[in-house]
Amino acid sequence: MILVFGGNGQLGRELTRASAARQIPLTALSRAQADISDRTAVHAAFASQRPSLVVNAAAYTKVDLAETEPEAARQGNELGPAIVGDACAAAGVPLVHISTDYVFDGRKLGAYVEGDPIAPIGAYGRSKAAGERAVRQATAQHLIMRTSWVYGEFGQNFLKTMLRLATTRDELRVVDDQRGCPTSTRDLADAILRIAPRLVARDEVWGTYHFAGSGVTTWHGFAGRIVAAQAPITGRNPRVTAITSAEFPTPARRPANSELDCSLFERTFGFGGRPWTEETDAITAVLAAEARKTPHVA
Ligand SMILES: NC(=O)c1ccc[n+]([C@@H]2O[C@H](COP(=O)([O-])OP(=O)(O)OC[C@H]3O[C@@H](n4cnc5c(N)ncnc54)[C@H](OP(=O)(O)O)[C@@H]3O)[C@@H](O)[C@H]2O)c1
């Protein structure tokens with residue numbers, strides 16, 4: 001049985017859906033059911049669920065707010081993973097822990113490989129980097145998956161924001177000087193479920209890997225693809241204008257380049273992420289069609 005923390009998030013909910021479709025036994029606990037920064041709650045979850053694999057999809061993900069709430073970010077992204085890692089070590093259970101491209105500073109010209117030095121430029125990235133260290137220290141049987149620009153049908157994400165704005169605005173102004181790899185939750189959830197048997201079998205694949213949708217774009221390129229995919233469904237076709245990060249100041253700085261090289265994951269497990277363009281088209285079509293049926297949830 002796979003035990004997921006952070007069951008109510010984008011990835012947590014996708015893992016629940018994907019496991020049900022494949023009839024893989026999986027229990028996903030929300031924060032209300034198990035707060036990972038609460039040692040007693042985490043140990044109680046292990047005792048009641050007796051997992052063969054744990055996936056930590058729980059995280060404090062508010063990139064901008066983290067600048068003014070570093071303690072909340074530390075609880076969710078460093079203390080929590082340390083507690084989950086300790087519990088996994090004590091129970092002899094392997095751990096999949098999700099991390100982020102924002103552990104890098106974005107100054108590299110090409111795609112980041114796992115061994116590149118990390119140097120986060122914001123509080124969120126620093127807390128996630130500390131979480132990686134905590135997991136490595138807590139348990140040898142870990143697989144840290146760094147992913148990026150996550151979107152899907154559940155929860156809040158950039159794709160949903162663009163869809164909402166496309167219905168209300170004639171122009172979307174989107175930053176074009178940050179590069180990255182959009183990654184769908186269904187791609188990420190599928191990958192976790194596909195590699196799970198090897199982890200449960202204690203195959204020696206432990207360590208840190210990059211996993212993201214294939215291809216690279218900017219937020220502007222991502223937005224343009226979303227708008228183009230929803231236009232035939234909604235009849236809305238706003239202009240998508242490229243702007244610089246300086247024209248759209250945010251409390252947290254973000255890396256200018258966070259492209260992830262995923263070839264280590266591909267070599268190790270024999271598959272990689274699907275093209276971000278195809279995933280974006282497919283998920284946009286689902287969400288835009290839903291929003292047309294029930295416009296009040298757009
Ligand atoms: N979203 C992205 O673009 C992105 C990019 C790169 C990497 N990642 C990583 O991918 C993973 C999954 O992210 P996501 O997009 O699915 O995030 P999400 O939708 O924000 O979900 C995170 C979930 O974790 C829960 N949570 C927060 N603190 C918790 C705690 N102390 N104990 C238990 N649960 C807690 C949240 O609950 P509440 O809502 O109640 O706080 C939320 O349901 C995270 O590790 C994230 O850092 C995400």
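Numbering of ligands and ligand atoms starts at 1, following listing order.
Within ligand 1, the atoms closer than 4.0 Å to a non-hydrogen atom of Tyr124 are 8 (N), 46 (C), 47 (O), numbered from 1 in the order shown. Short contacts between ligand 1 and Asp35, defined as distances under 4.0 Å to a heavy atom of the residue, involve ligand atoms 30 (C), 31 (N), 32 (N), 33 (C). For ligand 1, the atoms closer than 4.0 angstrom to any heavy atom of Ile98 are 9 (C), 10 (O), 11 (C), 45 (O). Residue Val150 approaches ligand 1 through these ligand atoms, each under 4.0 Å from one of its heavy atoms: 1 (N), 2 (C), 3 (O), 4 (C), 5 (C), 48 (C). Near Asn8, meaning under 4.0 Å from one of its heavy atoms, ligand 1 places the atoms 43 (O). Taking every non-hydrogen atom of Ala57 and a distance limit under 4.0 Å, the qualifying atoms of ligand 1 come out as 12 (C), 22 (C). Close approach of ligand 1 to Lys128 (heavy-atom distance below 4.0 Å) involves ligand atoms 44 (C), 45 (O), 46 (C), 47 (O). If you number the atoms of ligand 1 from 1 as listed, the ones under 4.0 Å from a heavy atom of Leu11 come out as 16 (O).
Around atom CD of Gln23, no more than 12 heavy atoms belonging to other residues, nucleotides or ligands sit under 6.0 Å away. Applying the 6.0 Å contact sphere to CZ of Arg169 captures no more than 12 heavy atoms from other residues, nucleotides or ligands. Other residues, nucleotides and ligands contribute more than 12 heavy atoms inside 6.0 Å of the CZ atom of Arg198.
Stacking of Arg194 on the aromatic ring of Phe271 is recorded, both the 6.0 Å distance cut-off and the 45° axial limit being met. At least one cation-pi condition fails for Lys160 and Phe158: the charged atom is not both under 6.0 angstrom from the six-membered ring centre and inside a 45 degree cone around its axis.
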**OP:** Go through the steps for Asp281 and Arg225 under the test salt bridge (charged side-chain N to carboxylate O under 4.0 Å, His left out), then give the verdict.
**Re:** CA-CA 7 Å; Asp281 291 354; Arg225 189 84 191 190; 2.6 Å; yes
Subject >> salt bridge (charged side-chain N to carboxylate O under 4.0 Å, His left out) assessment of Glu71 paired with Arg74 >> reply: CA-CA 5 Å; Glu71 181 51 26; Arg74 194 187 73 82; 3.0 Å; yes
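Scanning the protein heavy atoms around atom 6 (C) of ligand 1, the nearest turns out to be Thr147 O, 3.3 Å. For atom 35 (C) of ligand 1, the nearest protein heavy atom (residue, atom name, distance) is Ala58 CB, 3.7 Å. In this structure, the protein non-hydrogen atom closest to atom 17 (O) of ligand 1 is Thr61 CG2, 3.4 Å. The nearest heavy-atom contact from the protein to atom 15 (O) of ligand 1 is Gln10 NE2, 2.9 Å. Summary of contacts: the protein heavy atom closest to atom 32 (N) of ligand 1 is Ile36 N, 2.9 Å. If you check which protein heavy atom lies closest to atom 28 (N) of ligand 1, you get Arg31 NH1, 3.4 Å. If you check which protein heavy atom lies closest to atom 33 (C) of ligand 1, you get Ala34 O, 3.5 Å.
Using a non-hydrogen distance threshold of 4.0 Å, Gly12 does not register as a contact of ligand 1. Ligand 1 lies within reach of Trp149, whose nearest heavy atom is under 4.0 Å from it. The shell of residues lying under 4.0 angstrom from ligand 1, judged by heavy atoms, excludes Gln75. The closest approach between any non-hydrogen atom of Gly155 and ligand 1 is not below 4.0 Å.
In Ser148, the part holding a heavy atom less than 4.0 Å from any atom of ligand 1 is the backbone. Using a 4.0 Å cut-off between heavy atoms, Ala32 makes no contact with ligand 1 at all.
Of the options Ala59, Ala189, Gly76, the smallest heavy-atom separation from atom 26 (N) of ligand 1 is shown by Ala59. Around atom 21 (O) of ligand 1, the closest heavy atom drawn from Ala212, Gly9, Ser99 belongs to Gly9.
Taking Thr68 as the reference, nothing meets the side-chain hydrogen bond (donor to acceptor under 3.5 Å, both in side chains) condition, with sequence neighbours excluded. Not counting sequence neighbours, the partners of Glu204 by the side chain to side chain contact (heavy atoms under 4.5 Å, CB included) test are Trp206.
No side-chain heavy atom of Val174 sits less than 4.5 Å from a side-chain heavy atom of Phe222. With a 4.5 Å cut-off on side-chain heavy atoms, Gln156 and Gln10 do not count as touching. Counting heavy atoms from C-beta on, the side chains of Val227 and Asn237 come closer than 4.5 Å.
For atom 39 (O) of ligand 1, no protein heavy-atom neighbour is found at a distance under 4.0 Å.
The only option from Val4, Ile2, Leu15 that meets the side chain to side chain contact (heavy atoms under 4.5 Å, CB included) definition with Ile192 turns out to be Leu15.
A ring-centre distance under 6.0 Å is not found for Trp149 and Trp276.
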